[in-house]
Amino acid sequence: MVETLFALLVVLGMLAVGSYAVAVIDGAAGAVLGRTAHSNVFLLPIYQCASFWLVPANTTEAPDAWAWRLAPVLYLTFAAMGLALVPWSPSFIPVDLTTGIVLWGALEPLATVAIFLHGWSANSHFPLLGAYRYVSLGLSYILVSMFVLIGVSLPAESLQISAVVESQRELWNVIRQPLGLPLFLIVGLGISFWGPLNFADSSDLAEGTSSESSGRAKLLWQFGRAAMLVAFSAIGASAFLGGWLGPVLPGPAWVILKTLFILVLLLVLGRLLPRLSPDRFLTLAWVLLLPLAFVDLVWAGVEALP
Amino acid sequence: MMGGKPYGRAMAMTADDLRDGLQLDPLSFSVGPFWPVLPPGFSAHVTLHGDVIAEIQVTSIPYPVALPAIFRQALEKPVPIAELELARACYHLRQLSHALWVNGLESASLTVLQRIHALQPGDSLAGLRTWLRRVGFFFSAGAEKGVLGRDQAEKIGGPAARAAGIAQDTRQDDPQYQRLGFQVIYGHGSNCRARWQQWLDEAEQALSLAARAREQAVCTSDCDRVETPRGVMGRGGSPSDATFVLQELLPGLEWSEAIATIASLDLAAVSDYAEEGV
Amino acid sequence: MTFVDLTFFVCAAIAIYAGWRVFRTDSMVRASFFLLISFIAVGIIMLLLAAVYLGVALFFMMAVEMMVMALFMMMFMMNPAGLNPMNMVHQEKVAMGIGIAAFVALSGVAVFGDFPSRPVPDGLDPVVSLGKELLGNSMLVFESAGVTLLATMIGVVAMTSHRGRFGEANEGSVPPGLEPGGDPAGKPQENDQKQQGHHHHH
Amino acid sequence: MSLISLLIVAAALIGIGLYGAFSQQSFVMLMMGLELILNGVMLAAVGFWAMTGAGAPEGQLLTIIVMAVMAIEMAMGFALVVAVYRGKQADMTESLSGFKH
């Protein structure tokens, strides 16, 4: 009972601290690259939260009220479920399911459903377009991510995330399967629609799926996006960078360091790169990324042969 | 009643499809005039098939744009070329910064806006150009779309026409400009990428002209016509609105490409009044 | 009542209620998501039954399937939300009778049937045993399913494509014209066709 | 959670699915009915596997096969809908009287 409560606290803490870290790192990256002088990158997210909190909520004509209110909550819940799968050390894993990798693979399509629902239920054209556009891309992300994740579970001979971490004791998957991590990170940017892959909430759609929401609903949605990015980084760190494995420092410290490393990488990339046209990225995803994911899988299979 | 948006509500009805003949339900709605991505005052009625624009009808043309006062002064008396060209460079860079913002490069857009405030004659834009090339801006959404026909390019005038290969620039007739070694930049192509490059090139050329003109303290000599960043303005008239080009240009483009195309074109008429407070 | 029982009853209620709502809602997008909820509830019941892989597999299979279903609905009618009442049914009484009869018959089997009680042994790892079965004794079944899926993919693309290998996909399915280039023989009047197109918006 | 309660839930799902498959006019809604039937079938299969099958792996295999069948049914269903829609602009069962155009 105490252990369950502790695990719950860790996941909730990770949600809060992780999202705050995302906001700080993103603000810092923006300040460095955009050469704007923000007052203080550490306080800025708090000001932003406060301003979102105080803005009155918006509504549209005849939205699907249930779905509209629920979608951000669902998205955040899926991010939290993803964070719960992250193993911190051999002895502390909030949820150690024997099919953890598959559950993570299931969270991605479920997140897609939540994003679609968020855009569709507002009953307005820009959110609808964002949702529509996202789903057409989401299917390709899911496939790529599936293959890459099967790739990491091959050397582990298990679908358990802790077993995947343990299988990297000699060699991290990022070296053993060099294609895996880049592909996984592209999927991560896609599913949390960040930076160059922000197709669902992009500026050319007036913020797409969230263009009709404001105030606390919007805050929750942004919170979910940041949390999803953290969950992706943490799972990526476990599946490719050896999770808790590392010298000197205790396991959880390594998990945090590696997660932060991936987060910084993703956020800087997000600030640096322009948005492609969705049409072009769709072609890229099916013609280049999916075959690369196949290659990764074959590579992993050949490498895992005894 | 079927289809369209009766009483403001979108209703389902199939319509002919542009792509492969599968007749699906179009989505009709209005955009503008309160959307910072579009030129101020511009609004249109759009019909989409999925993400592809089937039809666009301009319902309100953008407000005329007020140019810096120097361009109007150039029609009354000779003005220092250095000042004129600096204003031109700022104008083009502001357009470019908007295009960067639309294509998801908010940081770069802010950087460019900040550069504008501290822009000096003789500044080099090579760093900016290299950076934009490295991050792939010239391959971002819409880069190869928005191809103008020759008629359309002529109608729009200004940098868009020069990018499309029409070597028209009043400055080449001005002996003072000739003394500074002015040569028309033209012919990048008629798509969005070409127009982005044209802005960058013209801004860079304007800055180097400004530097030379400041050294030699040259003023314009032709007071009948002036080449504004939007096109030729003379005693006869100023560049007029060309928004209707969009009605031919946008159908068939994807939404993001269409928005990038709108951001790559400067279509508003030139106002009779100059920008205030400059 | 244990925690497992409680979860089971809640999930069962959700699965049945959501399944019922599928046919009672005014928007097809909502209907497909109700179906998804029903599947997820069944997936959780499977997790309770220790079918760890199947339960989770059901989540992602159905999330993708229902997403595609919703997307198709959007393509055919881009009505952002169910603003119009939607009740497109035929022979409803008969259908209801069949449904109830099937329920009664199957429940009768459940209640009066005599099933042996042989639960899953304690030491069994369901995921490993499923994997060994799939790539061992039942390899042929598994591979046939794979080949069938591949054939489906190819067939489906061929069927939906606008252009076939030898021209228009629906070429030959339209009777030839009465005169060269004329309307096909037996083509319904223009009015009729419009009517059919509008039909589902009633 | 006993086998009987599991099977009753499965029977209810199958019953509702049958009602949907027989009563709905729209192709897609009809497919939803079929999916709901298969949902009940899968639940029953897993129930049997867990309670009476002594963990025989074939029980799980059956469920996997049902999932594959669902995927095929969906894909074929949508392909048919698109093909019919292309030819006839119809997405209702009544508008089809035969398989030919």
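For clarity, every value in this text was computed on a predicted model and none was experimentally measured. Here is the naming used below: chain letters follow the sequence lines, and residue numbers restart at 1 for every chain.
- Side-chain rings of A:Phe232 and A:Phe184 approach one another, their centers coming within less than 6.0 Å.
- Counting heavy-atom pairs closer than 4.5 Å to chain B, the top residue among A:Arg275, A:Arg280, A:Arg133 is A:Arg275.
- If you run side chain to side chain contact (heavy atoms under 4.5 Å, CB included) between A:Ser233 and each of A:Ile262, A:Leu265, A:Leu267, only A:Ile262 comes through.
- Among the candidates B:Leu113, B:Val135, B:Ile259, the residue making the largest number of heavy-atom pairs closer than 4.5 Å to chain A is B:Val135.
- Neither the backbone nor the side chain of B:Val112 has a heavy atom closer than 4.5 Å to any heavy atom of chain A.
- Between the side chain of B:Asp123 and the backbone N or O of B:Gln120 there is at least one donor-acceptor pair closer than 3.5 Å.
- For chain A, the option among B:Val102, B:Val37, B:Asn103 with the highest count of heavy-atom pairs below 4.5 Å is B:Asn103.
- Ranked by heavy-atom pairs under 4.5 Å with chain A, the list B:Gly142, B:Ser256, B:Gly136, B:Gly104 is led by B:Ser256.
- Outside the 6.0 Å centre-distance limit, the rings of A:Phe116 and A:Tyr132 are not counted as a close aromatic pair.
- With a 4.5 Å cut-off on non-hydrogen atoms, A:Asn198 does not touch chain B at all.
- Taking the six-membered ring for Trp, A:Phe199 and B:Trp255 have ring centres at least 6.0 Å apart.
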